[in-house]
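Data first, discussion second: the structure below is written as structure tokens.
Predicted model, so just to flag it, every value in this text is computed and none were measured.
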Amino acid sequence: MSLNPLPPGPQWRSGPVTRRYSAPVGTPTVPTGPVVPPSSGATRRLWWFAGAAGAVLVIGLVVVLGVTLSGNPQPFRGRPAAPADVRPPLARLCPSPAVTGPSGAAPDAPTVPDPGPPPSGSVQTGQRTVDEAAGISYRRYGAPWLPWAEVWNAGTLEVPYRVGQHFVTEEKYDGGSDYHASILSAAVPAAENDALTFDLACVGRQVAADVRAEYYPQPTRMELLADGRTTIGGRPAWVTKFRLHFKRAGLRATNELAAVACIDVGRSTAAVFYVSIPGTHRHLDWVVDDALASVRPL
């Protein structure tokens with residue numbers, strides 16, 4: 001809101017009107033009457049300002065003392081956000097045994113037995129599939145098996161199955177997808193940084209659960225056949241062998257025999273070996289144990 005200006009003309013100061021008095025020349029002028037002290041309102045204002053200044057000083061001292069004791073040289077600069085957890089999924093799900101202690105010392109079910117010689121008339125070759133990234137090799141089979149030329153990396157763990165063999169058991173069962181029998185391998189980060197040890201039982205079970213959840217029609221019913229610690233090619237391994245039961249419109253297979261092996265090959269990555277035989281081809285079930293028994297570290 002603006003104020004109205006004063007009218008023109010001489011301005012007189014408010015107060016009592018006195019007559020003009022001239023003291024005699026040479027006579028000093030002596031003030032009469034006592035000196036008037038400041039009003040009580042002015043005194044209160046002075047005390048208020050003094051109190052406010054004192055309060056500001058006390059607050060400043062408290063802040064400085066708090067900063068000194070906290071060790072933060074820059075209290076008004078925002079603290080950096082906590083770094084994101086960049087560990088691989090398996091390293092987050094399965095911390096190092098040095099932190100959690102050993103687990104899975106005893107198998108929950110019988111380990112995979114020695115498959116013995118393959119059935120008479122089965123097709124084998126003297127060649128081997130070599131997976132340099134995983135650090136393993138295993139038996140290569142003849143027809144109907146073909147070289148694997150894709151990458152499967154579905155699931156939370158995103159295990160990259162890019163080496164192995166397969167053949168199609170049902171073409172375009174859902175109008176676009178094929179169903180496969182498979183023998184696949186992969187390397188998956190399982191340890192923190194460059195560590196060479198990881199929780200083998202936890203890793204093995206996580207990978208098997210990932211396979212069940214991501215590569216089969218849901219829901220499934222599991223018939224657990226083996227789940228425990230063993231050795232493969234002289235290296236520590238965890239093997240989970242199971243038959244899954246399921247139903248899917250357009251799919252003739254209603255079950256599948258599968259095995260997932262996680263092998264400690266002395267790296268920060270675990271070697272994963274996955275074999276699956278659909279129920280429509282049960283005459284090839286023997287391949288599961290035979291392929292597992294053929295795995296060797298590089």
Side-chain angles (χ1 to χ4, degrees), residues 109-131 134 136-152 154 159 161-174 177-186 204 207-208 210-212 214-217 220-227 230 232-233 237-248 250-263 271-296:
T111 55
V112 177
D114 183 349
S120 175
S122 61
V123 179
Q124 297 186 65
T125 71
Q127 299 176 324
R128 296 181 65 79
T129 298
V130 178
D131 188 338
I136 59 174
S137 69
Y138 42 93
R139 181 169 292 148
R140 184 182 300 178
Y141 298 90
W145 297 93
L146 300 170
W148 178 251
E150 301 181 36
V151 178
W152 278 352
V159 179
Y161 299 101
R162 55 170 50 96
V163 177
Q165 291 183 278
H166 79 114
F167 67 91
V168 174
T169 58
E170 297 183 52
E171 293 185 357
K172 297 179 174 53
Y173 68 92
D174 62 355
S177 302
D178 297 334
Y179 204 77
H180 301 254
S182 57
I183 305 171
L184 305 175
S185 58
V207 173
D210 197 59
V211 165
R212 177 184 179 184
E214 298 298 332
Y215 291 102
Y216 294 94
T220 62
R221 179 175 62 85
M222 175 184 280
E223 180 185 347
L224 187 62
L225 303 175
D227 183 41
T230 185
I232 293 181
W238 188 275
V239 173
T240 304
K241 180 182 176 183
F242 50 88
R243 184 177 293 278
L244 287 183
H245 300 266
F246 47 82
K247 288 185 179 180
R248 176 70 177 270
L251 186 65
R252 289 189 294 110
T254 58
N255 66 85
E256 181 162 306
L257 180 66
V260 179
C262 287
I263 308 161
V272 177
F273 186 67
Y274 168 45
V275 189
S276 65
I277 305 294
T280 52
H281 291 67
R282 296 191 71 155
H283 62 285
L284 293 176
D285 280 356
W286 63 270
V287 171
V288 172
D289 289 342
D290 187 71
L292 279 171
S294 74
V295 175
R296 298 290 182 271

Atom of [X], atom of [Y] and distance for their closest heavy-atom approach:
X: Val239; Y: Ala261; answer: CG2-CB, 3.9 Å
X: Pro278; Y: Tyr179; answer: CG-CE2, 3.7 Å
X: Ala181; Y: Ile277; answer: CB-CD1, 4.5 Å
X: Gly250; Y: Glu170; answer: O-OE1, 4.0 Å
X: Ala291; Y: Val275; answer: CB-CG2, 4.2 Å
X: Gly204; Y: Trp238; answer: CA-CD1, 4.0 Å

Looking at [atom1] of [X] and [atom2] of [Y], how far apart are the two atoms once the value is rounded to the nearest 0.5 Å?
X: Leu244; Y: Arg221; atom1: CG; atom2: CZ; answer: 9.5 Å
X: Arg139; Y: Ile183; atom1: CZ; atom2: CD1; answer: 10.0 Å
X: Arg282; Y: Leu257; atom1: CZ; atom2: CG; answer: 7.5 Å
X: His245; Y: Glu223; atom1: NE2; atom2: CD; answer: 4.5 Å
X: Thr129; Y: Tyr141; atom1: OG1; atom2: OH; answer: 9.5 Å

Check whether any side-chain N or O of [X] sits under 3.5 Å from a backbone N or O of [Y] as a donor-acceptor pair, and report yes or no.
X: Trp148; Y: Glu150; value: yes
X: Arg248; Y: Asp174; value: no
X: Thr220; Y: Phe246; value: no

**Asked** In a check of side chain to side chain contact (heavy atoms under 4.5 Å, CB included) between Tyr138 and each of Leu292, Val163, Asp290, which one passes?
**Response**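 One option only clears the test, and that one is Val163.
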So, do [X] and [Y] sit near enough that their side-chain heavy atoms are less than 4.5 Å apart?
X: Phe273; Y: Ile232; result: no
X: Ile136; Y: Ser185; result: yes
X: Tyr173; Y: Pro217; result: no
X: Val260; Y: Arg212; result: no
X: Thr169; Y: His180; result: no

**Message:** Are Trp152 and His166, when compared by the centres of their aromatic rings, separated by less than 6.0 Å?
**Reply:**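 Aromatic pair excluded; centres sit 6.0 Å or further apart.
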**Message:** Go through it in stages, so that I can follow the logic: the residues are Val287 and Trp145, the test is side-chain contact (heavy atoms from CB on, under 4.5 Å), and I'd like the CA-CA distance, side-chain angles, deciding distance and then a yes or no.
**Reply:** CA-CA 11 Å; Val287 171; Trp145 297 93; 4.1 Å; yes
**Asked** Is the number of heavy atoms from other residues, nucleotides or ligands under 6.0 Å of Arg243 CZ greater than 12?
**Response**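 Yes, the 6.0 Å shell around CZ holds more than 12 heavy atoms from other groups.
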**Message:** Do Ser137 and Arg128 pair up side chain to side chain, a donor and an acceptor below 3.5 Å, judged on atom types alone?
**Reply:**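 A donor-acceptor contact under 3.5 Å links the two side chains.
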**Message:** Checking side-chain polar atoms at under 3.5 Å, does Tyr215 have a donor or acceptor matched by the opposite partner on Glu256?
**Reply:**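 Side-chain D/A pair, Tyr215 to Glu256: absent.
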